[in-house]
Protein chains: 2
Amino acid sequence: MLSNFRVTAEEMIRSHGGRVTDSRKRILALLLSEKNAITHREIESRFSNDQLDRVTLYRVLQWLVDNGLIHKITSDDHVWRYHANQDAYRHQHAHFKCTKCAKVVCLEDMPSDRKLSLPAGYRFQTIELTVKGLCEHCA
Amino acid sequence: MLSNFRVTAEEMIRSHGGRVTDSRKRILALLLSEKNAITHREIESRFSNDQLDRVTLYRVLQWLVDNGLIHKITSDDHVWRYHANQDAYRHQHAHFKCTKCAKVVCLEDMPSDRKLSLPAGYRFQTIELTVKGLCEHCA
DNA sequence: TTAAAAATGCAACAGTGTTGCAATACAGGT
DNA sequence: ACCTGTATTGCAACACTGTTGCATTTTTAA
Ligand SMILES: [Mn+2]
Ligand SMILES: [Mn+2]
Ligand SMILES: [Zn+2]
Ligand SMILES: [Zn+2]
């Protein structure tokens, strides 16, 4: 099934006018196959055998973010986590982080249309919402 | 007025049963005098003349957090910001971060009546909410 | 096939935060 | 005021994530 993701990945990259390089295909295909958002370190370890330069990985990830093919999530452990932009996850959405195993999952909705009042003169841009708790395995 | 903060700081530390050390007094007094949440680096530079070891600063900040005298806020620049727990900021609250000047302010309320549905089996603990936008000076 | 442009690999670096340990300061009892 | 056990400090070294510069390789389009 990973070859399916490779085909999808290649189409996504090509459709954004970027050069279709081997690293981009492999990394995006991997992210498409991952259910949860994962760290740079975790991506590296998925490629343990095939060589993958860590700087290239950082640069490819940023390229994928800049081109809207994946998104990255900040966290209180100060490590970025990356997740493919499939279907439900294109628009703004909230995230859940397990305080025990550190797993991060994208929640489908951002329940944010409630008015939160900013101080006078402040301009709203986006909202970042992370729910913390225990996941199914850790609860 | 900073001497006022020093007295308050000393009382707060003593009431928590901790040893009243010079570093704790100075650092907490500074945080009490600061309107916004600031970084370790910013705290250091406020003490530019008086010597203040950076490791001690980290350790004092963590002690103050652990004893509920201050709280710390994570951010997408992956740097902690610290703020005293005065009045309105004892309970859970949301934060605002300016995307231009990186200023972080505590908002007074956490609009928490949002029903965000977690996947089955997940257990809720806390919510972290950061509004991003432009502050009064940068708007 | 060729050449310009973009991406890669490597080494070195930067910033934030942590750890181990010896020296020092605090608090409580005398 | 002095002693003493213990918490805290200061310093050096370290860990980790992420970045930068630059020479080499790969991609694409003519
Ligand atoms: Mn997400
Ligand atoms: Mn706050
Ligand atoms: Zn978990
Ligand atoms: Zn601003």
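Proteins get letters first, then strands, A, B, ... in listed order; numbering begins at 1 in each. Bear in mind that the values here come from a model prediction, so they are computed numbers and not experimental data. Below, each value reflects all heavy atoms present in this structure, side chains not excepted, and no hydrogens, waters or symmetry copies.
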With sequence neighbours excluded, give me every ring pair (Phe, Tyr, Trp, His ring centres under 6.0 Å) pair touching residues 116-139 of chain B.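 Sorted result for residues 116-139 of chain B: A:Phe96-B:Tyr122.
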
Electrostatic pair [X]-[Y], nearest N-O below 4.0 angstrom:
{"X": "B:Arg81", "Y": "B:Asp77", "answer": "yes"}
{"X": "A:Asp66", "Y": "A:Arg59", "answer": "no"}
{"X": "B:Lys103", "Y": "B:Glu136", "answer": "yes"}
{"X": "A:Glu10", "Y": "A:Arg14", "answer": "yes"}

Using a heavy-atom cut-off of under 4.0 Å over every strand shown, decide if [X] touches base, sugar-phosphate, or nothing.
{"X": "B:Arg54", "answer": "base"}
{"X": "B:Arg59", "answer": "base"}
{"X": "A:Ser23", "answer": "sugar-phosphate"}
{"X": "B:Val79", "answer": "sugar-phosphate"}

Measure from [atom1] on [X] to [atom2] on [N] and round the result to the nearest Å.
{"X": "A:Ile13", "N": "D:dT28", "atom1": "CD1", "atom2": "C1'", "value": "15 Å"}
{"X": "B:Arg26", "N": "D:dT8", "atom1": "CZ", "atom2": "P", "value": "17 Å"}
{"X": "B:Leu28", "N": "D:dT8", "atom1": "CG", "atom2": "P", "value": "15 Å"}
{"X": "B:Asp77", "N": "D:dG18", "atom1": "CG", "atom2": "P", "value": "13 Å"}
{"X": "A:Gln51", "N": "D:dT25", "atom1": "CD", "atom2": "P", "value": "15 Å"}
{"X": "A:Trp80", "N": "D:dG18", "atom1": "CH2", "atom2": "P", "value": "8 Å"}
{"X": "B:Leu64", "N": "D:dT8", "atom1": "CG", "atom2": "C1'", "value": "13 Å"}
{"X": "B:Arg24", "N": "D:dG10", "atom1": "CZ", "atom2": "P", "value": "12 Å"}

Passes salt bridge (Lys or Arg N to Asp or Glu O under 4.0 Å), A:Asp22 versus A:Arg6? Steps please. CA-CA 10 Å; A:Asp22 199 53; A:Arg6 280 189 73 97; 3.5 Å; yes

Step by step, would you call B:Glu34 with B:Arg46 a side-chain contact (heavy atoms from CB on, under 4.5 Å)? CA-CA 11 Å; B:Glu34 290 282 336; B:Arg46 303 283 200 284; 2.8 Å; yes

Rounded to 10°, tell me the angle between the two end axes of the helix from C:dT1-D:dA30 to C:dT30-D:dA1, each built from five pairs.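 Inter-axis angle at the ends, rounded: 30°.
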
First encountered from the 5' end of DNA chain C, between B:His40 and A:Gly18: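 Closer to the 5' end of DNA chain C: A:Gly18.
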
Consider only side-chain N and O atoms of A:Thr99 and B:Gln125, and report whether a donor and an acceptor are under 3.5 Å apart.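 Checked: A:Thr99/B:Gln125 side chains pair up, N/O donor to acceptor below 3.5 Å.
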
Verify the contact: side-chain N or O of B:Thr56 to OP1 or OP2 of D:dG10, cut-off strictly under 4.0 Å; return yes or no.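 It does, given that an N or O in the side chain of B:Thr56 lies less than 4.0 Å from OP1 or OP2 of D:dG10.
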
Tell me the closest heavy-atom pair linking B:His93 and B:His71, and the distance in Å.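 B:His93 and B:His71 have their closest heavy atoms at NE2-NE2, 3.1 Å.
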
Which residue, B:His78 or B:Val60, contacts DNA chain D at a nucleotide closer to its 5' end, judged by nearest heavy atom?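 Taking each residue's closest nucleotide, the earlier one in sequence belongs to B:Val60.
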
Base D:dT6 to side chain B:Arg19, donor-acceptor N/O within 3.5 Å cut-off: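 Per atom types, the contact qualifies.
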
Leading and trailing nucleotides of DNA chain C with any atom under 4.0 Å from heavy atoms of chain B: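 Going 5' to 3' along DNA chain C, contacts run C:dT16 to C:dA27.
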
Give the ring-plane orientation class for A:Trp80 versus B:His78, where under 30° counts as parallel, over 60° as perpendicular and anything between as tilted.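 Rings of A:Trp80 and B:His78: tilted, as their planes differ by 30° to 60°.
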
